[in-house]
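One structure is given here, and the rest of the page talks about it.
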There are 2 protein chains.
Amino acid sequence: MSEPSRTTPATLHDVAREAGVSLATASRSLNGSTRRVNEEYRQRVLDAAAKLNYTPNLSAQAVARGTTTTVALLVADIADPYFSSIAAGVVAEADAEHLIVTMAATERDPERELELVRQLRGQRPRVMILAGSRPTVDRTEGALADELAAYEASGGRVVLISRNELDFRTVLLENRGGAERLARELVGLGYRRFAVVTGGEGLRTAADRLEGFRAGLAAVGGRLDDADVVRSAFTRDGGYDGARRLIERGLDGIELVFATNDVMAVGALSAIRDAGLTPGRDLAIAGFDDIPTVQDVTPPLTTVRVPLEELGRRALRLALAEDADAGADADATAGETAHPRGGSVEAEVVLRASTPGIG
Amino acid sequence: MSEPSRTTPATLHDVAREAGVSLATASRSLNGSTRRVNEEYRQRVLDAAAKLNYTPNLSAQAVARGTTTTVALLVADIADPYFSSIAAGVVAEADAEHLIVTMAATERDPERELELVRQLRGQRPRVMILAGSRPTVDRTEGALADELAAYEASGGRVVLISRNELDFRTVLLENRGGAERLARELVGLGYRRFAVVTGGEGLRTAADRLEGFRAGLAAVGGRLDDADVVRSAFTRDGGYDGARRLIERGLDGIELVFATNDVMAVGALSAIRDAGLTPGRDLAIAGFDDIPTVQDVTPPLTTVRVPLEELGRRALRLALAEDADAGADADATAGETAHPRGGSVEAEVVLRASTPGIG
DNA sequence: CACACTCTGGTAAACGCTTTCCGACGCGCC
DNA sequence: GGCGCGTCGGAAAGCGTTTACCAGAGTGTG
């Protein structure tokens, strides 16, 4: 019991010695090797490992096996409910697969994103998941694509979430379709004049949602003037700011403002209220994503539900599934054959009190 | 240009060969070694590395150096704004220190937490941060403590966030004090009869907040009957449920309900509204944490502001700082000497419309 | 009873790095 | 001109694993 509190963790070597077997046997007993080992030895090893509180050194295993159990996840902002929900999904699924996830935040900066990808590549993660879209035009895009391609060439798997601008496995969000249906439903409720508060710099996701919304309105006779599309940061404060500007400028008949994501919508909601208007009555509002919050604000927000956590799970599954998929030496002249897309996660319009029926 | 798209990432060996130098020189050129290397060689190595798109294999470095650049973060639930904000702080700080953070979710299950700690230990992370308290009484606590102690003995650093029940470095949240001041302020506004909706199973954080609240009330003559403390899950739905039960049972003079965290408060808010009451007027409500959402609900929630992201940053800084701190061989007979605490992050009462002045 | 198998332990060679140690070289000094 | 010293490349020994390969034992067959 006078354990001298050794300062370095037990190594496999220690376990082997303690159990009186060779390194190889110890290794074989402790992990799922194809080789069988005598039950007695096995037990001895297990006991020794328990006694020494042995944990395999993952780095060493990675080096020896030439493969890690890591998945890297890149999001724009961890505190944003959109991303944290996705992350929760990724982590949950990873856990089920005994994978470990490392996370980094791009802070919506393409340069930073590129930098992080480079850095994360050093981990040799099994898969790399990039969530959150980047500007539609962006001068680092080529570099990012190259970096990711190099990563895939070396056996890694890239999955993009809701950003189809690069040619990799992607789980798509039905941004366009969801927004289009939302537009139709809103017109069905009697709304005619719309405004949009959306993310700045042409984020792909925002652009798709806007486009879908436009298309939906066009189909059923809703009106959205270009002047009534205001751009701002893709955040809560951006939403607040956008709505404020809209109101200050004069609503001039606008009945409903569509914020291209819920955190913006929530900000917009507060802006509306702060302007002395009653959201829902004086000015209706709708968002996109269905983050948990929107059920608890007043009025609850009409939005387009996206199964965010499922999005994350799906992304990881897609990355892993393809391992089987890759199968034969698809390596050869695959050439132009696009990567298997992950299909699209469907979005569902959820009408709530923020867009009461009118007329 | 007929690059045959090699399938394995460039290794240091490749770089050395390409540059026409030895492994040692290549290694020395690419990382901050103490040894100087001839500028010409250095440049050759750098060029070769760039040309081959070389990224050092972090696992191999870890094995060779005997130390990683990883920090492990354990939270209860990634999608919960409380934890995701803390995580954002940890990640931000880690990034500044060129550390990589790996994240896992305990899902509020002590067994799972213990399991994760064991698993994560395999990574040999430089520091391990545990956020979120666990039940005050819990039969796995001893095991957890042992596991963490073993980890520290092997050179790792444990930091606990807002859970002082174990003897490790800790960033404390001023739960008790904050709640106490909140109670005083509320009584100052004219409230006398209180109820509390709090987390079940005796979570430490929840318990401290309740205790502080009680103490504050006691000091200034507020009334909180034991029967008016309802327990539920420490989540949004738990808050909803708790408030609902309270209301169904009959308010009987209760003027204000204090939810021991904001996500519960938000749930409670909805419950109040769903019960046909007007929050703030018929029943006031206050929370704790000041998560972003509470400014956007109606009415905005009175709460106790906690700088969550700072909490995360602080935790990591504490872990790293102590490296210097540990200094001499504090190893010896430190014995009862408590770990250096990280001090307490202060909490500030924020009064909002959900608790208007009365009387 | 020799022989070909199948099993299963152990030995040692990887894996991709870092770092210690050695030795070559250039320089200043007495 | 010999010698001590400082500088800097390279060879090689690790780091903690896994795994290819070998060897010995047991088993069934002709």
Side-chain angles (χ1 to χ4, degrees), chain A residues 6-46 48-49 52-70 121-126 154-155, chain B residues 6-46 48-49 52-70 121-126 154-155:
Chain A
R6 57 176 288 124
T7 177
T8 113
T11 150
L12 187 59
H13 199 92
D14 299 336
V15 174
R17 181 156 21 78
E18 173 80 21
V21 302
S22 77
L23 224 49
T25 303
S27 173
R28 294 200 264 252
S29 309
L30 289 172
N31 65 18
S33 153
T34 46
R35 293 270 305 254
R36 267 178 34 100
V37 8
N38 181 311
E39 185 53 29
E40 188 201 324
Y41 282 6
R42 218 181 87 82
Q43 204 45 248
R44 284 228 302 267
V45 173
L46 262 35
L52 299 180
N53 197 1
Y54 168 76
T55 331
N57 182 322
L58 259 35
S59 296
Q61 286 192 325
V63 168
R65 293 189 171 142
T67 166
T68 63
T69 57
T70 303
R121 223 164 41 96
Q123 284 197 76
R124 308 283 185 268
R126 254 240 252 300
S154 71
Chain B
R6 58 178 286 125
T7 177
T8 115
T11 150
L12 186 59
H13 199 91
D14 299 335
V15 174
R17 182 156 21 78
E18 173 80 21
V21 301
S22 77
L23 224 49
T25 302
S27 173
R28 293 200 266 252
S29 308
L30 288 172
N31 66 17
S33 154
T34 45
R35 291 269 306 254
R36 269 179 31 102
V37 7
N38 181 311
E39 186 51 30
E40 188 201 325
Y41 282 8
R42 219 181 86 83
Q43 205 43 250
R44 285 227 302 265
V45 173
L46 262 35
L52 299 180
N53 197 2
Y54 169 77
T55 331
N57 182 322
L58 258 36
S59 296
Q61 286 193 325
V63 169
R65 293 191 173 139
T67 169
T68 63
T69 56
T70 303
R121 255 219 305 144
Q123 284 198 74
R124 308 283 185 270
R126 254 241 251 301
S154 71

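Chain letters run A, B, ... following the sequence lines, proteins first, then strands; residues in each count from 1.
Residue pairs that meet the salt bridge (charged side-chain N to carboxylate O under 4.0 Å, His left out) test with at least one member in residues 27-40 of chain B, sequence neighbours left out, are B/Glu39-B/Arg42, B/Glu40-B/Arg44.
B/Glu18 meets the side chain to side chain donor-acceptor pair (under 3.5 Å) test with B/Lys51; sequence neighbours excluded. The salt bridge (charged side-chain N to carboxylate O under 4.0 Å, His left out) test applied to A/Arg121 returns A/Glu147, not counting sequence neighbours. B/Ala62 pairs by the side chain to side chain contact (heavy atoms under 4.5 Å, CB included) definition with A/Ser59, B/Thr68, not counting sequence neighbours.
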Check: What one-letter contact string describes nucleotides 8-21 of chain C from 5' to 3', where B marks a base within less than 4.0 Å of any protein heavy atom, S marks contact via sugar-phosphate atoms alone, and - marks no contact?
Finding: BBBB---BBBBBBB
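For the pair B/Glu40 CD and D/dC8 C1', the computed distance is 14 Å after rounding to whole Å. Between the C1' atom of D/dG16 and the CZ atom of A/Arg17 lies a distance of 14 Å, rounded to the nearest Å.
Note that CG of B/Leu30 is 6.0 Å distant from CG of B/Leu46, once rounded to the nearest 0.5 Å.
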Item checked: Residues A/Tyr54, A/Asp14; criterion side-chain contact (heavy atoms from CB on, under 4.5 Å); working and verdict -> CA-CA 9 Å; A/Tyr54 168 76; A/Asp14 299 336; over 6 Å; no
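Under the 3.5 Å distance criterion, the side-chain polar atoms of B/Ser29 are matched with a main-chain donor or acceptor of B/Thr25.
End-to-end axis angle for the helix from C/dC1-D/dG30 to C/dC30-D/dG1, using five pairs per end and rounding to 10°, comes out at 60°.
When only modelled atom types and interatomic distance are considered, A/Thr70 and A/Arg126 share no side-chain donor-acceptor pair under 3.5 Å.
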